[in-house]
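Notes follow once the structure below has been shown.
Keep in mind it's a predicted model, so treat the numbers as computed, not measured.
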Amino acid sequence: MTATTAEIASGAAPLVDPGRSGGLADLLRHRYLLRLLVRRELRSRYQGSLLGLGWSYVRPAVNFAVYYFIVGIFLALGKNTQNLAIYLFAGMVVLNVFTETMTTSTWSVVGNGALVKKIYLPRELFPFASFLVSAVNMLPALVILWAGAIFSGWRPSMLALGSALLGLAIVAVLSTAVALLYSGINVYFRDFGQVVDILGLLIPWSVPMIYPWSVVRDFFGVGSWQLDVYLANPLAVAVSLFQRGFWWPTTDGPAILARNPKAPVPFPDHLTVRGLIALGVSLILVVLAQSVFGRLQRRFAQEL
């Protein structure tokens, strides 16, 4: 249904077809609903909990302790890594946003099936709200990382801040793409949620977080196609950028590099360029994921 000439002339708002989706642009027009969904998700997640939002501190702390003591102390992989704790935690902070978004958003549409069947509202609200909840849960860990880095000698710089922001941008955009795609697929194939759980176990090992980047480089060899495939992962680049933003300034590396510009660095070559490419690829994935989600959502009510 379209607006008539008289309606336009009178200044009345034009009529649109009911149920027409505007994609991610609808998130701006329905900000109030988005805030309600985020608040509801946070309340339901911590309802009846003694610590409440405090679990956002406990979970990353336990996760970090397991990796630090097993990998850094028992396996002694941290002997050659200065400030291993910050190296590990920097990777965990940015990676947890993605893995938590991936896990929770997969069930976001199915979990809100009653709303989907009864009323029309932009379906993109559900997966994007899951991402925002994950981002809120990241804030306590980010504060801890920032405080620990300052205690270890971190000082703000354009390189550090720019690297951290670029890494966060990559993860935010990529998380949005995955949230849209996975939530739509899971409506049709409920077993897909189990696949996502398995992916959540594998992803931490696909990025240089538990092990240093040099291990991958030395194993595959510089210039090998396996190394190129590894670096094609936007998450691997995002983790390295976040580590360069928070961990690298706490080490002796910047001082050594200032004295000897040819000194090796524990990051892939041209990391900033790789980060910008990863961000561009992630933006393309969002467009593709939105297109797929838009097609799948036409039968959400029937499938649910």
Side-chain angles (χ1 to χ4, degrees), residues 60-99 102 141 145 148-149 152-154 159-160 163-164 166-168 170-171 174 198-257 260-279 281-282:
V62 172
N63 200 16
F64 163 76
V66 170
Y67 283 133
Y68 181 77
F69 285 103
I70 293 180
V71 176
I73 296 180
F74 296 157
L75 299 182
L77 294 180
K79 288 184 177 180
N80 299 323
T81 304
Q82 188 178 0
N83 293 333
L84 175 66
I86 297 178
Y87 180 88
L88 274 173
F89 202 61
M92 283 179 52
V93 167
V94 72
L95 190 64
N96 283 350
V97 178
F98 178 82
T99 54
M102 181 182 68
L145 172 63
S152 300
W154 181 88
L159 179 63
S163 297
L166 182 56
L168 278 177
I170 294 171
V171 170
L174 190 62
I198 296 174
L199 289 176
L201 298 175
L202 299 177
I203 286 176
W205 299 94
S206 67
V207 299
M209 181 189 73
I210 302 172
Y211 50 84
W213 147 254
S214 58
V215 171
V216 182
R217 179 195 61 202
D218 297 340
F219 181 80
F220 290 124
V222 177
S224 64
W225 67 268
Q226 295 96 330
L227 189 62
D228 292 335
V229 171
Y230 182 87
L231 291 175
N233 178 7
L235 282 178
V237 177
V239 167
S240 293
L241 283 166
F242 216 66
Q243 289 166 339
R244 191 172 71 174
F246 285 97
W247 167 73
W248 178 242
T250 69
T251 68
D252 299 329
I256 295 174
L257 196 63
N260 180 16
K262 295 184 178 180
V265 295
F267 302 109
D269 295 334
H270 312 294
L271 183 57
T272 300
V273 175
R274 293 181 185 275
L276 293 173
I277 294 174
L279 181 59
V281 170
S282 299

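- Contact check for Phe267 versus Gln243: side-chain heavy atoms found under the 4.5 Å cut-off.
- Remark: Asn96 pairs with no residue by the side-chain hydrogen bond (donor to acceptor under 3.5 Å, both in side chains) rule, at least two apart or across chains.
- Contact check for Asn233 versus Ser206: side-chain heavy atoms found under the 4.5 Å cut-off.
- What you find for Met209 and Pro204 is that their closest heavy atoms are CE-CB, 4.1 Å.
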message: Applying side-chain contact (heavy atoms from CB on, under 4.5 Å) to Trp154 and Leu145, what does each step give before you reach the verdict?
response: CA-CA 11 Å; Trp154 181 88; Leu145 172 63; over 6 Å; no

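- Counting heavy atoms from C-beta outward, Leu231 and Trp213 have side chains that approach closer than 4.5 Å.
- With rounding to the nearest 0.5 angstrom, the OG1 atom of Thr251 is 7.5 Å from the CD1 atom of Ile256.
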message: Let's go through Val93 and Phe246 carefully: what are the C-alpha distance in whole Å and the side-chain angles of both, what is the deciding distance for side-chain contact (heavy atoms from CB on, under 4.5 Å) to 0.1 Å, and is it a yes or a no?
response: CA-CA 11 Å; Val93 167; Phe246 285 97; over 6 Å; no

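- There is no side-chain donor-acceptor pair under 3.5 Å between Asn83 and Ser152.
- Of all non-hydrogen atoms in Val171 and Ala238, the two that sit nearest each other are CG2-CB, 3.7 Å.
- Nearest heavy atom pair, residue Leu227 against residue Arg217, reads CD1-CA, 4.1 Å.
- When all heavy atoms of Leu174 and Pro234 are compared, the pair lying nearest together is CD2-CB, 4.1 Å.
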Step-by-step side-chain contact (heavy atoms from CB on, under 4.5 Å) determination, Val265 to Arg244: CA-CA 10 Å; Val265 295; Arg244 191 172 71 174; over 6 Å; no

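- The line from CG of Leu202 to OG1 of Thr99 is 12.0 Å long, rounded to the nearest 0.5 Å.
- The side-chain hydrogen bond (donor to acceptor under 3.5 Å, both in side chains) test applied to Ser224 returns no partner, not counting sequence neighbours.
- Heavy-atom minimum distance, Gly275 versus Ile170: O-CD1, 3.4 Å.
- One finds the CZ atom of Arg274 at 11.0 Å from the CG atom of Leu241 (value rounded to the nearest 0.5 Å).
- With values rounded to the nearest 0.5 angstrom, His270 atom NE2 is found 13.0 Å from Leu276 atom CG.
- Side-chain atoms of Ser240 and Trp248, non-hydrogen and from C-beta on, never get closer than 4.5 Å to each other.
- Here the closest heavy-atom approach between residue Gln82 and residue Asp252 is recorded as OE1-N, 3.1 Å.
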